[in-house]
A.B. asks: 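I have a structure here, written as structure tokens, and I will follow up with some questions on it.
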Protein chains: 4
Amino acid sequence: MNNSFGRIFTLTSFGESHGAAVGGVIDGMPAGIEIDVNLIQQQLDRRRPGQSAVVTARDEKDRVELLSGIFEGKTTGQPIGFIVRNTDHHSADYEQMRHVMRPSHADFTYLQKYGIRDHRGGGRSSARETIARVVAGAFARQALQKLGIAVTAYTESIGELSMRDKTPDFSIIEDNPVRCADADTAAAMTELLKELKHEGDTVGGVIRCVVTGVPAGLGDPVFGKLQALLASAMMSINAAKGFEYGMGFEGATGRGSQLNDIFVTDPQTGRVRTLTNNSGGIQGGISNGEEICFRVAFKPIATLLTSQPTVTDTGEETVLKARGRHDPCAVPRAVPIVEAMAAMVLLDAWLMNRSTHI
Amino acid sequence: MNNSFGRIFTLTSFGESHGAAVGGVIDGMPAGIEIDVNLIQQQLDRRRPGQSAVVTARDEKDRVELLSGIFEGKTTGQPIGFIVRNTDHHSADYEQMRHVMRPSHADFTYLQKYGIRDHRGGGRSSARETIARVVAGAFARQALQKLGIAVTAYTESIGELSMRDKTPDFSIIEDNPVRCADADTAAAMTELLKELKHEGDTVGGVIRCVVTGVPAGLGDPVFGKLQALLASAMMSINAAKGFEYGMGFEGATGRGSQLNDIFVTDPQTGRVRTLTNNSGGIQGGISNGEEICFRVAFKPIATLLTSQPTVTDTGEETVLKARGRHDPCAVPRAVPIVEAMAAMVLLDAWLMNRSTHI
Amino acid sequence: MNNSFGRIFTLTSFGESHGAAVGGVIDGMPAGIEIDVNLIQQQLDRRRPGQSAVVTARDEKDRVELLSGIFEGKTTGQPIGFIVRNTDHHSADYEQMRHVMRPSHADFTYLQKYGIRDHRGGGRSSARETIARVVAGAFARQALQKLGIAVTAYTESIGELSMRDKTPDFSIIEDNPVRCADADTAAAMTELLKELKHEGDTVGGVIRCVVTGVPAGLGDPVFGKLQALLASAMMSINAAKGFEYGMGFEGATGRGSQLNDIFVTDPQTGRVRTLTNNSGGIQGGISNGEEICFRVAFKPIATLLTSQPTVTDTGEETVLKARGRHDPCAVPRAVPIVEAMAAMVLLDAWLMNRSTHI
Amino acid sequence: MNNSFGRIFTLTSFGESHGAAVGGVIDGMPAGIEIDVNLIQQQLDRRRPGQSAVVTARDEKDRVELLSGIFEGKTTGQPIGFIVRNTDHHSADYEQMRHVMRPSHADFTYLQKYGIRDHRGGGRSSARETIARVVAGAFARQALQKLGIAVTAYTESIGELSMRDKTPDFSIIEDNPVRCADADTAAAMTELLKELKHEGDTVGGVIRCVVTGVPAGLGDPVFGKLQALLASAMMSINAAKGFEYGMGFEGATGRGSQLNDIFVTDPQTGRVRTLTNNSGGIQGGISNGEEICFRVAFKPIATLLTSQPTVTDTGEETVLKARGRHDPCAVPRAVPIVEAMAAMVLLDAWLMNRSTHI
């Protein structure tokens with residue numbers, strides 16, 4: 001079931017970029033939780049194109065229709081079917097693409113694997129598929145909120161511009177078009193994206209995600225380690241090229257004597273804490289009660305507004321020049337998607353953990 | 001089923017460091033494949049401690065006993081049960097650890113989650129668990145060999161020492177104790193590990209893995225993307241902190257105009273290839289026929305032979321000084337584990353791909 | 001994932017009787033198969049109420065809308081989302097049921113389990129849920145047709161009226177309102193149902209299903225035995241109370257010397273066959289190439305148009321008298337559902353069997 | 001994963017009749033449960049041949065060795081690996097069977113499916129595989145006992161001899177060699193089996209199973225209905241041909257007005273009960289708090305000690321006459337297997353139900 005994600009709290013998604021709709025089924029949502037539909041739509045709006053000068057101008061609207069599993073405002077424990085209609089079809093724009101293999105896209109591999117592909121806007125390989133993730137994540141968040149768990153992601157770097165050495169200010173993330181948690185870096189990033197948009201070029205970036213309020217005990221060794229579940233979730237997002245948690249790749253260059261997280265007992269609460277958090281809140285695959293933090297690297301969007309050589313589906317040389325509206329960077333819009341996937345993983349791990357004892 | 005991995009070709013593993021045995025069940029192994037038991041033992045020997053001056057001196061032997069699923073030298077399509085006895089018990093060495101929470105180990109989280117833990121040698125959280133992975137990987141490799149697919153990993157960096165800018169020489173990997181694919185770097189790494197062993201300190205590193213001979217079409221969008229399966233596999237290995245494929249985190253700093261992989265038709269074979277391989281052999285979650293390459297970052301081993309402050313299971317302060325034999329670096333012995341997990345993922349993806357058409 | 005069925009070819013379903021829609025996602029449908037949408041609608045029409053005097057008069061229409069996974073008339077290998085709107089709401093009819101626990105319905109158990117329930121028309125426990133099964137089954141059938149596999153079910157008995165001793169005539173099944181494969185028995189059954197409808201009573205029955213054209217080799221020991229998959233499929237249908245295959249319960253009374261299926265080689269084809277088929281086409285969990293046949297027992301519909309004592313959700317005594325339109329027997333409309341579930345199991349087993357060899 | 005059973009509490013089994021061992025891995029066993037190893041062995045002893053005059057005289061011993069997941073007498077929440085060595089090999093007895101397809105056995109289908117088979121004693125298709133089920137079931141029982149849930153099965157009928165109309169006396173089940181819950185019927189059954197053993201013939205029978213102490217709320221619609229899980233479990237047992245619960249096939253002949261289970265409030269406990277239990281303790285796929293009861297039909301054992309015509313693996317005619325020790329009826333030894341599978345299903349459903357609410 002390759003279009004399903006999760007073990008107990010699960011999402012099964014469907015839909016192509018230019019088909020009738022994208023949507024999904026959420027199964028395993030706990031019963032009796034009051035759902036604020038506005039919060040779901042709000043998350044979809046964060047993902048939506050056309051939010052600012054640096055993201056594409058399409059106004060897809062993306063209104064979610066919830067079809068089941070909610071009764072008089074509360075979840076019933078039954079599966080939640082939902083759809084978001086595709087209303088902004090410019091399929092004709094894509095007719096020229098029918099036989100062209102776009103570089104670093106999925107055109108070639110889909111055709112090789114399936115022998116058939118919906119070429120319009122990338123079909124199933126379009127990032128429009130992430131709508132279903134955002135909806136499911138918005139449900140997971142509402143359950144997590146009751147558990148005191150909060151998920152926050154932000155743009156840490158775009159190209160060479162990075163706020164990695166600065167303290168993130170979560171309160172400003174939604175106030176700037178690049179969703180950076182540092183105002184100065186945000187301004188520089190915004191400037192860069194405008195330039196790239198003008199040039200028809202694109203750039204990659206890194207999203208950092210922090211989960212607070214996680215109790216110790218979530219995650220299941222040995223193949224259900226929390227970091228393995230998170231890595232699988234993040235690496236399934238379009239354009240993601242890398243995942244690290246806690247000290248990450250930097251930890252590979254250091255010494256144990258520098259990087260071990262020393263345990264201490266908080267004299268006030270009596271709770272065992274770690275002095276540092278190089279573990280990123282996870283030890284042995286299980287949350288230790290500290291903040292969970294991880295990073296996801298995204299490549300530059302492959303669609304350029306400049307000419308590129310490529311081949312057709314019969315292997316003949318051609319030149320591709322994309323038309324239409326395209327983002328210079330996927331990262332700002334990927335922030336709510338990273339959050340959604342993280343929320344799904346955390347709720348699933350919380351539910352799974354309930355079966356540890358009778 | 002958190003101790004199971006895979007969809008069609010699966011491993012279910014069990015066993016603690018100081019219990020009776022570690023082992024597992026391989027399900028979904030195709031029928032009729034001739035199995036060379038020596039090749040399995042050979043992989044186990046690569047994982048085994050005591051191979052050189054820079055890895056621990058325990059001689060665990062680790063003889064695998066195959067219990068089912070093979071008949072007259074060939075796989076039967078039935079599950080393959082196997083065990084490796086634990087013969088080198090020094091459980092008394094660990095009695096002092098019963099109540100001590102080792103920093104950056106899984107002691108604390110296992111106790112929080114389960115309310116009980118086998119403290120001897122880390123119990124289930126010991127890297128001894130990876131024996132099962134190596135056995136299953138050795139079966140997968142023998143199937144992949146028939147398909148022309150080969151998996152090779154090597155130590156790319158240890159601490160600050162890296163061969164990233166050099167061309168790997170696969171032929172020397174097994175000839176040096178650190179499993180590096182460059183002779184000079186290997187010598188420097190070996191020197192470093194000797195020093196660290198003397199100091200009682202540890203260091204992290206990075207493993208790079210290359211898979212050749214992969215046909216286009218393996219991997220299943222959207223949650224079964226090949227990179228998501230690989231990431232999940234790698235991040236489930238003890239001490240892994242990061243995963244990237246293709247251009248990885250570096251790709252996050254670059255431009256689309258530099259990083260797109262341009263398609264060309266090979267005039268001799270007529271086969272569509274890419275001029276570069278920033279995609280790491282995977283596009284849209286599906287292999288494109290190029291080499292698959294990815295990196296895994298490992299943190300320094302948490303067990304130091306120097307004193308560290310910590311707490312007991314009742315939260316009282318204490319000081320820990322490990323005794324016994326411990327590696328200064330996990331990376332050389334992790335090389336066959338990375339290969340094993342990669343082999344399992346690839347075979348599973350190959351088998352899953354068979355159901356794409358009728 | 002309790003609302004998902006299957007391993008490779010899977011259905012995830014959603015929807016309540018009086019919600020916005022019922023629907024689902026089909027994953028694992030092979031690529032490149034031409035789909036006749038009329039055949040899907042035709043199966044839905046068979047399931048639909050209001051088809052004759054002996055089934056309920058609601059005209060729900062039940063038009064399926066396919067939302068994804070099909071491109072220019074062919075499957076693409078991507079998930080197929082679909083919905084069927086609920087258009088015939090008489091929710092007010094059900095307001096009186098908000099607090100009443102209907103005998104032998106799921107009202108009490110849903111409330112106990114979830115603490116909340118959609119009382120309108122049984123909510124998720126309504127047989128309207130089977131719409132999703134029929135749609136998925138109609139896709140499976142079109143794939144099976146290409147493989148030469150055909151699934152046919154019919155009403156074998158209603159109450160005491162049975163055609164068990166008669167030879168089924170498949171050609172007349174759709175020509176009589178009870179979907180019986182014997183004309184005389186069909187006439188008697190129809191008469192019985194008219195009487196019961198008049199009395200406001202209901203009756204049970206048995207459906208027999210035959211699958212032809214199945215190659216030897218489908219089904220996976222030991223827990224994926226073909227009969228286990230079929231039993232799980234059938235017993236998940238509303239009102240099903242029993243499953244048997246081949247000789248079934250009758251076989252429990254006989255001797256091995258009478259019931260063993262003797263192998264012979266067909267002199268013309270050279271193919272090994274069995275002289276009898278007490279095995280029902282399955283031996284050791286794997287199809288043997290003979291016809292697969294099984295039976296499913298259905299209880300009488302629990303909704304009566306007579307008065308019944310019961311309790312409210314607070315445990316107080318009350319009297320229930322259902323209003324509206326209700327079938328006297330579920331069996332005729334369950335015929336296409338049994339076929340749909342069987343088709344899904346067979347296609348899934350066929351696809352799974354592809355991974356047996358490399 | 002066709003050799004795995006369950007969702008949270010799972011068994012993965014391996015092993016052939018004449019290989020080195022049979023065994024398995026139990027995953028998802030809750031932590032902190034004191035395990036009485038004698039109770040596990042006791043269940044294995046119930047399954048073991050050679051218990052009386054009417055079952056085969058092999059003394060296989062079947063000592064279970066637990067390899068992991070238990071620490072100082074308690075479960076740790078980690079997977080429990082176990083093996084039972086095969087010690088009573090008479091593989092030479094089976095050499096004559098290498099090319100013979102035994103009627104109504106799995107020889108033919110395994111060969112068709114896998115192209116290779118272990119012919120010794122049926123290989124993987126041998127009922128010896130059920131050892132793993134009995135071990136896993138014995139763990140499940142010990143968890144269920146803490147939850148007040150008890151599983152009891154008994155032989156209800158053998159051939160035409162049935163105690164269906166008598167009240168079962170659970171206290172005598174283990175006191176007679178056929179595990180019947182009625183003394184007179186047990187005596188007649190014992191007599192019949194002696195005769196059949198003398199004749200070299202075999203006979204089928206029915207096992208009834210009762211589960212008490214089940215709280216309302218277990219089971220998960222729509223495909224995880226408790227009866228679907230039980231049916232799948234039972235139909236995966238060798239020689240099982242039918243499953244029914246509650247009123248079962250008899251219910252198919254009756255009227256709703258007779259068979260509905262009327263709800264009443266117990267004046268003493270205030271608990272809602274049903275006056276009758278035609279539902280078999282399950283409504284809408286969810287337990288309602290009443291006794292769960294179901295029946296499983298078993299065919300006669302296919303191995304006869306008389307001559308039977310059959311074919312070889314090349315399709316040539318031959319005559320088979322089994323030698324050695326064989327039971328005249330599988331049913332008495334299947335009683336602990338039915339119990340084991342039911343215990344696994346119930347514990348799994350209990351654990352799954354924990355995730356219904358946060």
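Convention: sequence-line order gives letters A, B, ...; per-chain numbering from 1.
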A.B. asks: So which atom in A/Lys113 and which in B/Gly219 form the shortest heavy-atom distance, rounded to 0.1 Å?
C.D. replies: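 So the minimum-distance heavy-atom pair works out to NZ-O, 2.9 Å.
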
A.B. asks: Given a strict heavy-atom distance threshold of 4.5 Å, which part of A/Thr356 is in contact with chain B: side chain, backbone, both, or neither?
C.D. replies: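 Side chain of A/Thr356 only, per the 4.5 Å heavy-atom cut-off to chain B.
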
A.B. asks: Just to verify, which of A/Leu259, A/Ile262, A/Asp261 counts as forming a side chain to side chain contact (heavy atoms under 4.5 Å, CB included) with B/Ser104?
C.D. replies: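 The residue from A/Leu259, A/Ile262, A/Asp261 that satisfies side chain to side chain contact (heavy atoms under 4.5 Å, CB included) with B/Ser104 turns out to be A/Asp261.
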
A.B. asks: For the residue pair B/Lys225 and A/Asn238, what are the closest heavy atoms and their distance?
C.D. replies: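 The pair with the smallest heavy-atom distance is NZ-OD1, 3.2 Å.
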
A.B. asks: Enumerate the ring pair (Phe, Tyr, Trp, His ring centres under 6.0 Å) contacts for residues 293-320 of chain B, please, sequence neighbours excluded, ordered by first and then second residue.
C.D. replies: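 Qualifying pairs, neighbours excluded: B/Phe243-B/Phe294.
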
A.B. asks: List the atom of A/Ala297, the atom of B/Ala252, and the distance in Å for their closest heavy-atom pair.
C.D. replies: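 A/Ala297 and B/Ala252 have their closest heavy atoms at CB-CB, 4.1 Å.
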
A.B. asks: What part of A/Thr306 is in contact with chain B, defined as an atom under 4.5 angstrom from a non-hydrogen atom: side chain, backbone, both or neither?
C.D. replies: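 Neither part.
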
A.B. asks: For side-chain contact (heavy atoms from CB on, under 4.5 Å), just list the numbers for A/Thr265 and B/Glu317, CA-CA rounded to whole Å, side-chain angles, deciding distance to a tenth of an Å, and then say yes or no.
C.D. replies: CA-CA 8 Å; A/Thr265 301; B/Glu317 295 183 6; 5.6 Å; no

A.B. asks: Decide yes or no for B/Lys241 and A/Asn278: does some side-chain heavy atom of the first lie under 4.5 Å from some side-chain heavy atom of the second?
C.D. replies: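 Not in contact.
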
A.B. asks: So what's closer than 4.5 Å to chain B heavy atoms on A/Ser162: side chain, backbone, both or neither?
C.D. replies: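 It is neither, since no heavy atom gets under 4.5 Å.
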
A.B. asks: Does one side chain, of A/Lys299 or B/Asn260, offer a donor that lies under 3.5 Å from an acceptor on the other?
C.D. replies: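 Side chains of A/Lys299 and B/Asn260: no pair found under 3.5 Å.
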
A.B. asks: Can you give me the closest heavy-atom contact between B/Phe263 and A/Pro103, atom names plus distance?
C.D. replies: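 Taking B/Phe263 first and A/Pro103 second, the nearest heavy atoms are CE1-CA, 3.9 Å.
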
A.B. asks: Going through the checks in order, is the side-chain contact (heavy atoms from CB on, under 4.5 Å) test met by B/Met235 and A/Leu230?
C.D. replies: CA-CA 9 Å; B/Met235 295 308 292; A/Leu230 286 167; over 6 Å; no

A.B. asks: So which part of A/Leu192 gets closer than 4.5 Å to some heavy atom of chain B, the side chain, the backbone, both or neither?
C.D. replies: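 For A/Leu192, side-chain heavy atoms alone lie under 4.5 Å from chain B.
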
A.B. asks: To check you understand the geometry: which heavy-atom pair defines the closest contact between B/Arg133 and A/Val222, and what is its length?
C.D. replies: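 For B/Arg133 and A/Val222, the tightest heavy-atom pair comes out as NH2-O, 3.7 Å.
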
A.B. asks: For A/Val272, which atoms come within 4.5 Å of any heavy atom of chain B: side chain, backbone, both, or neither?
C.D. replies: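 For A/Val272, heavy atoms of backbone and side chain both lie under 4.5 Å from chain B.
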
A.B. asks: Need one label for A/Glu160: side chain, backbone, both or neither, based on atoms under 4.5 Å from any heavy atom in chain B.
C.D. replies: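 Both the backbone and the side chain of A/Glu160 come within 4.5 Å of chain B.
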
A.B. asks: Is the backbone N or O of A/Ala228 less than 3.5 Å from a side-chain atom of B/Ser236, with the two atoms forming a donor-acceptor pair by type?
C.D. replies: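 No, B/Ser236 side chain to A/Ala228 backbone: no donor-acceptor pair under 3.5 Å.
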
A.B. asks: Heavy-atom distances under 4.5 Å only: say whether A/Leu196 touches chain B with side chain, backbone, both or neither.
C.D. replies: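 Side chain of A/Leu196 only, per the 4.5 Å heavy-atom cut-off to chain B.
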
A.B. asks: For A/Ser287, is it the side chain, the backbone, both, or neither that has a heavy atom closer than 4.5 Å to a heavy atom of chain B?
C.D. replies: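 Only the backbone of A/Ser287 comes within 4.5 Å of chain B.
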
A.B. asks: Among all residues two or more places apart in sequence or in another chain, which pass the ring-ring contact (aromatic ring centres under 6.0 Å, His included) test with B/Phe14?
C.D. replies: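 Here no residue qualifies.
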
A.B. asks: Which atoms of A/Ser257 are under 4.5 Å from chain B, going by heavy atoms: the side chain, the backbone, both sets, or neither?
C.D. replies: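 Both backbone and side chain.
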
A.B. asks: Which heavy atom of A/Ser232 sits nearest a heavy atom of B/Ser232, and at what distance?
C.D. replies: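 Closest approach of A/Ser232 to B/Ser232: CB-CB, 3.8 Å.
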
A.B. asks: If I measure from the heavy atoms of chain B, does A/Ala240 come under 4.5 Å with its side chain, its backbone, both, or neither?
C.D. replies: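 It is the backbone, since no side chain atom gets that close.
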
